[in-house]
Amino acid sequence: MPTREQVTEALRSVIDPELRKNIVDLGMVRSVDFHDEGRVDVVVSLTTPGCPIRSHFQDAVTQSVVALEGVGEVNVGFDVLSAQEKQGLQQKLGRQTLPQGALAAVKNVVCIGSGKGGVGKSTLTANLTAALAAEGKRAAALDADVWGYSIPRMLGVHGKPSISAERKIIPLTVHGGVRVMSIEFFLSEEDQAITWRGPMLHKAIRQFLEDVEWGELDYLLIDLPPGTGDVSMTLAQLLPQAKFVIITTPQPAAQKVAKRAADTARRFDLEIAGVIENMSGFTTPTGERFTIFGEGGGQLLADELDVPLLGKVPLQEELRTGADEGRPLLLDDPDAPASQAIFHAARGLIAATPQELPVMQDAAGPPLEAAAPVTGTPLPMAQ
Ligand SMILES: Nc1ncnc2c1ncn2[C@@H]1O[C@H](COP(=O)(O)OP(=O)(O)O)[C@@H](O)[C@H]1O
Ligand SMILES: [Mg+2]
């Protein structure tokens with residue numbers, strides 16, 4: 001039989017595909033037990049019980065240990081890291097959280113995500129924010145799509161934010177109190193081509209949360225870039241209490257991609273508040289309905305994730321022209337089918353998000369005024 005050290009060494013070849021480190025260094029090997037006739041039992045601790053890459057670990061652990069001399073059989077078991085162990089894992093990964101006080105007066109942070117681009121994340125972020133405001137909520141939109149920023153255009157707000165005496169960035173305000181922040185507000189003509197990557201991106205996103213004077217908000221909606229890339233990861237780390245709304249088209253193929261985004265969100269313990277199906281059918285002025293992007297994908301995804309389908313937003317040209325003109329459709333035509341569907345989704349979101357507690361800390365935490373002074377430098381472009 002191999003020694004414990006030899007098994008541990010072998011397990012170093014098992015890499016967590018998302019955290020990109022081996023499970024030994026990540027502290028995810030709970031136990032190794034040796035039994036008669038060359039049987040080895042390995043228990044791996046996962047971040048979440050329904051971890052989608054469970055089968056990857058199952059195969060990789062078996063392969064690495066069975067290759068050792070004297071091992072005839074490998075049993076792989078799973079359990080879940082405790083909250084404290086997860087915190088330890090975050091620290092090992094060098095992950096930071098926001099300082100106490102940042103976003104203390106924001107009751108709900110909702111990330112709007114999808115697996116791919118062009119499904120209407122930004123359109124729905126802009127319109128949902130306006131709908132929440134119309135429902136009497138204090139709402140803001142943060143454009144976290146640093147490369148493909150489009151929230152300023154869709155909400156019709158452009159300009160340079162001012163900096164407060166406390167060196168905080170004041171969001172721009174539009175449509176009767178909707179607060180907006182986007183990288184666009186900091187870019188000059190020459191900057192437009194800058195490609196942001198890794199640490200720079202992380203820093204910009206962090207500052208949007210930490211150094212922006214969001215004030216009291218019921219909802220901060222965050223328009224994510226497509227996919228499960230750097231920005232989404234950064235947000236997931238910084239906002240452990242954020243909820244996710246997944247946008248998909250009715251197509252089964254789109255729904256599969258959206259499922260991957262949902263899986264990643266869940267891996268990082270972010271709760272999924274619901275699914276919105278967008279581009280669900282087009283109805284002609286004479287009432288004939290065409291299911292251009294197929295049918296049923298939203299419901300399928302919602303069922304699969306066991307979350308509510310918050311709404312089905314039809315294709316409507318005015319939703320697009322409204323977005324292009326910076327006027328969310330529901331402000332000008334609240335009875336339009338797309339507007340109605342968005343209002344329905346906004347009400348569903350309100351129902352799905354309890355509002356009693358501030359997001360970033362418990363209710364006993366300091367109020368915003370008493371929060372720790374802001375650390376870190378303002379966005380590099382803000383100066
Ligand atoms: N339900 C809809 N009806 C008509 N046009 C839509 C609808 N949803 C989105 N669009 C349009 O489709 C394009 C892509 O939407 P966008 O919100 O930019 O997607 P994403 O942010 O997911 O990349 C935009 O031009 C938008 O105005
Ligand atoms: Mg977008």
Side-chain angles (χ1 to χ4, degrees), residues 110-131 141-157 180-184 187 196 201 205 208 221-232 235 244-251 253-262 265 275-285 289-295 297-298 301 309-346:
V110 181
C111 298
I112 312 291
S114 72
K116 57 175 196 164
V119 299
K121 277 181 305 299
S122 304
T123 309
L124 291 181
T125 305
N127 277 271
L128 274 174
T129 311
L142 166 57
D143 189 350
D145 191 348
V146 177
W147 295 294
Y149 54 89
S150 54
I151 291 294
R153 171 173 61 82
M154 291 184 176
L155 283 173
V157 57
V180 186
M181 187 47 65
S182 171
I183 200 95
E184 190 213 82
L187 297 180
W196 294 62
L201 255 185
I205 295 296
F208 279 148
L221 265 54
I222 305 184
D223 182 23
L224 294 183
T228 54
D230 283 353
V231 171
S232 311
L235 282 166
F244 246 76
V245 168
I246 310 279
I247 313 295
T248 185
T249 60
Q251 248 171 315
Q255 170 250 330
K256 282 206 190 82
V257 182
K259 172 75 166 47
R260 281 208 287 278
V275 170
I276 301 178
E277 183 182 277
N278 189 28
M279 310 190 174
S280 21
F282 171 74
T283 305
T284 65
R289 185 164 179 269
F290 293 90
T291 51
I292 294 169
F293 288 110
E295 200 145 39
L301 182 63
L309 177 63
L310 297 171
K312 288 167 71 165
V313 181
L315 274 165
Q316 194 173 343
E317 187 170 2
E318 292 78 13
L319 190 65
R320 201 260 313 148
T321 50
D324 287 345
E325 287 157 14
R327 297 271 322 161
L329 177 63
L330 52 85
L331 295 179
D332 293 331
D333 189 358
D335 295 324
S339 304
Q340 286 290 308
I342 289 162
F343 271 122
H344 183 269

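Note that the structure is a prediction, hence the values are computed from the model and not measured. Both ligands and their constituent atoms are indexed starting at 1 by order of listing. Reckoned from all heavy atoms, side chains included, excluding hydrogens, waters and symmetry mates.
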(message) Nearest 0.5 Å, please: how far is CG in L315 from OG1 in T291?
(response) 10.5 Å
(request) Using a 4.5 Å cut-off on heavy atoms from C-beta on, say whether the side chain of S280 contacts that of F293. (result) no
(request) Just jot down the side chain to side chain contact (heavy atoms under 4.5 Å, CB included) partners of M154, sequence neighbours excluded, or say none. (result) S122, T123, A126, S150, A323
(message) Can you confirm whether T249 sits close enough to E277 that some side-chain heavy atom of one is under 4.5 Å from a side-chain heavy atom of the other?
(response) no
(request) Please determine if E295 and R289 form a salt bridge, counting it only when a charged side-chain N lies under 4.0 Å from a carboxylate O. (result) yes
(message) Checking T321 against E318: is there a side-chain donor and acceptor pair closer than 3.5 Å?
(response) no
(request) Taking 2.8 Å as the upper limit, name the protein N, O or S atoms near the Mg ion (ligand 2). (result) S122 OG
(request) Return the set of residues passing side chain to side chain donor-acceptor pair (under 3.5 Å) with S182 (not counting sequence neighbours), or none when no residue passes. (result) D143
(message) What does the 4.0 Å heavy-atom contact list look like for ligand 1?
(response) G117, G118, V119, G120, K121, S122, T123, M154, N278, M279, P314, L315, Q316, L319, R320
(request) Report yes if some heavy atom in the side chain of I276 is under 4.5 Å from a heavy atom in the side chain of L124; otherwise report no. (result) yes
(message) Looking at R327 and D332, is any side-chain nitrogen of the basic one under 4.0 Å from a carboxylate oxygen of the acidic one?
(response) yes
